[in-house]
Amino acid sequence: MTAEFRAAALAPELETKLIMAVPKGRILAECAPLMARAGIRPSEGWNDEDSRHLRFATDDPKLDLVRVRSFDVATFVAFGAAQIGICGADVLQEFDYPEIYAPLDLGIGACRISVAEPRATAGQGDSREWSHIRVATKYPNIARRHYAARGIQAEIVHLNGAMELAPGLGLSRLIVDLVATGSTLKANGLVETEVIAKVTSRLIVNRTALKTRPEEVGALIARFRAALSA
Amino acid sequence: MRRAMRVLYAPAHARMTMTDDLPPNPALLPAGMRDLLPPDAETEAAAVGALMEVFGAHGYQRVKPPLLEFEDSLLSGSGAAVGDQTFRMMDPDTRRMMGLRADMTPQIARIASTRLGHTPRPLRLSYNGQCLRIHGSQIAPERQVAQAGIELIGHDSPVADAEIVLVGAEALYAAGLARVSFDLTMPPLVPTLLDEAGFTGEARARLGRALDRKDAAAVTERGGALAGVLTDLLLAAGPAERALAALRQAALPPGARAHAERLADAVSAIHARAPGLTLTVDPVEFRGFRYHTGVSMTVYAPGRHEELGRGGRYICGEAEPATGLTLYPDAILRAAPARAVRARLFLPLGHDTALAKALRVQGFATVAALDAAADPLAEACRQGCTHLLQDGIAVLIVKETP
């Protein structure tokens, strides 16, 4: 039994802020115009990637923003540390948290999760005869599910970056990775052989927050929906 | 023969020499298991007591099923839903497989349809106990979970649905939770809608999954002719009035419409009896309600990220309508404000035992000295007492702030 939750349980409902988690990096810049149209105006320093601050107020006293790594947005929202967030469909598919709802496709950050192989060996061998395949990826669950559906065990080499090096150095036969333009693959002698899923960013909400604070969370979703159609 | 069963364990240091592993810390428990310490263990017992008292006061009679049952009875009917979460072992006596309960509702349903099958309906039963499940989730890692609940068997009506919700709300209030909300759902609505629209096989599974995750983009992509209706219903989840209005406006085939109307009737029945109770409605929710066949509910507390309870309508035995609600005392305890801990009174050696008895009746927990302490006040403080018996009076100990 932990005692640290007690104080939060007693906090008056109206005084707890909504927290929105937004991914750092590439998506952050693409989010900015959409957030502006949704009427979310972050405090100073939000767009400064070098700022050491992680949590930012907005002009709405009941909404704060946090800036976290894209993979962590899903975790913050799933655990209810943030009630709402912006997150790539790749991350949602990888973690597959049942606590997350994805009510809106924001249509930004478009890319795809793909299989890529060395140009020299691509297309060789009949994958129907494989019983296993070694895959380097930062999406172990997506890769495992993708191959399991065809009756192939995926032996995962879990990397956090530079997947493109893996086949050339003998770590794996192929990779499963996020592809935007394909230029990194090309530069490393790989070709995209299969698209597993198309990816865009989604507005996500915590399931419990939607049930316990339906008006506030619902109003934020509505603002983003209006911003999308504007 | 029993003596021959004795097992000798090599002393820890002898076992140690076999490997270089550090000895395990004796405080470490298996994942998802917890010790409850003072004062939490007492608070938990009091909370469960308060819940059970309210259940009993509303005519729900207590039953106590065993921890272990034969697998085929434990996992039949509504129990099938928790089959993959059930620990199993073989009964050395009969060589049949036994299961350790992961949920008590199927046990109550078994009792109601067998041993109490002949008793008049509606049958109202209450229970509390511990359950074990094979996996915790990352979000809720506990593998031992307490349950306290009620089952109302043999009546299919919105009034029965409302009674379950109201008794649950009153029990939660008694446990210290004044502000709870009930999220009402109709798990068979979406499956019926998909059936009536002719979804089958993989297309149905993929759409079901998208609905489960409320993934609007995927629902639009996979929903076919239903995409519009489903998207509207997806976004309708929220305060009961708004959600029911959306449900009324949606174009639903007859089967789905009947489910929607029953859900609305249950909401009206609850609202008529408890206008102040916060109700939300989620028309497309069906996740985790695998054995539920009608109006179902999940209990939340504001500001808390976990469910306090869950329940709903199911089929008891062969075909008997039933509904129930299971509350989770562990979650309730985390959400409830801390209770006042009982005052602890230190009794020095040679105290007046009759007076001590009278003080216990007043509500003190007494801590009797086992030997003569040089300084009873210091000893009382060391033992965590709030009061000291001095000259026949329970004196409050005030600690000076440095």
Find the one option among B/E44, B/R209, B/E307 whose heavy-atom pairs under 4.5 Å with chain A are most numerous.
B/R209
Out of curiosity, B/L234 CG to A/Y101 OH, how far, rounded to the nearest 0.5 Å?
9.0 Å
Within this structure, what is the CG-CG distance for the pair B/D215 and A/L92, rounded to the nearest 0.5 Å?
7.5 Å
Side-chain contact test, heavy atoms from C-beta onward, threshold under 4.5 Å: evaluate it for [X] versus [Y] and give yes or no.
X: B/P239; Y: A/E215; answer: yes
X: B/S181; Y: A/K211; answer: no
X: B/K214; Y: A/I100; answer: no
X: B/R213; Y: A/Y97; answer: no

Does the distance from a Lys or Arg side-chain N to an Asp or Glu carboxylate O, for B/E285 and A/R207, drop under 4.0 Å?
yes
Proximity breakdown for B/A210 and chain A, heavy-atom pairs closer than 4.5 Å
neither
For side chain to side chain contact (heavy atoms under 4.5 Å, CB included), just list the numbers for B/L235 and A/R225, CA-CA rounded to whole Å, side-chain angles, deciding distance to a tenth of an Å, and then say yes or no.
CA-CA 11 Å; B/L235 296 168; A/R225 194 174 334 121; 3.7 Å; yes
Within the supplied structure, the quantity of interest is the number of heavy atoms (other residues, nucleotides, ligands) at a distance under 6.0 Å from [X] [atom1]; does it exceed 12?
X: B/E142; atom1: CD; value: yes
X: A/Y147; atom1: OH; value: yes
X: A/H53; atom1: NE2; value: no
X: A/E155; atom1: CD; value: yes
X: A/R223; atom1: CZ; value: yes

Max heavy-atom pair count under 4.5 Å with chain B, selected residue of [options]:
options: A/T75, A/L210, A/D96; result: A/D96
options: A/A102, A/A209, A/P214; result: A/A102
options: A/A78, A/P103, A/P98, A/A222; result: A/P98

Show, in sequence, the C-alpha distance, side-chain angles and deciding distance for A/T208 and B/E306, and conclude whether the side chain to side chain contact (heavy atoms under 4.5 Å, CB included) test is met.
CA-CA 7 Å; A/T208 309; B/E306 60 188 336; over 6 Å; no
Pair B/Q138-A/F79, side chain to side chain contact (heavy atoms under 4.5 Å, CB included): steps then yes or no
CA-CA 9 Å; B/Q138 194 184 351; A/F79 279 82; 3.8 Å; yes
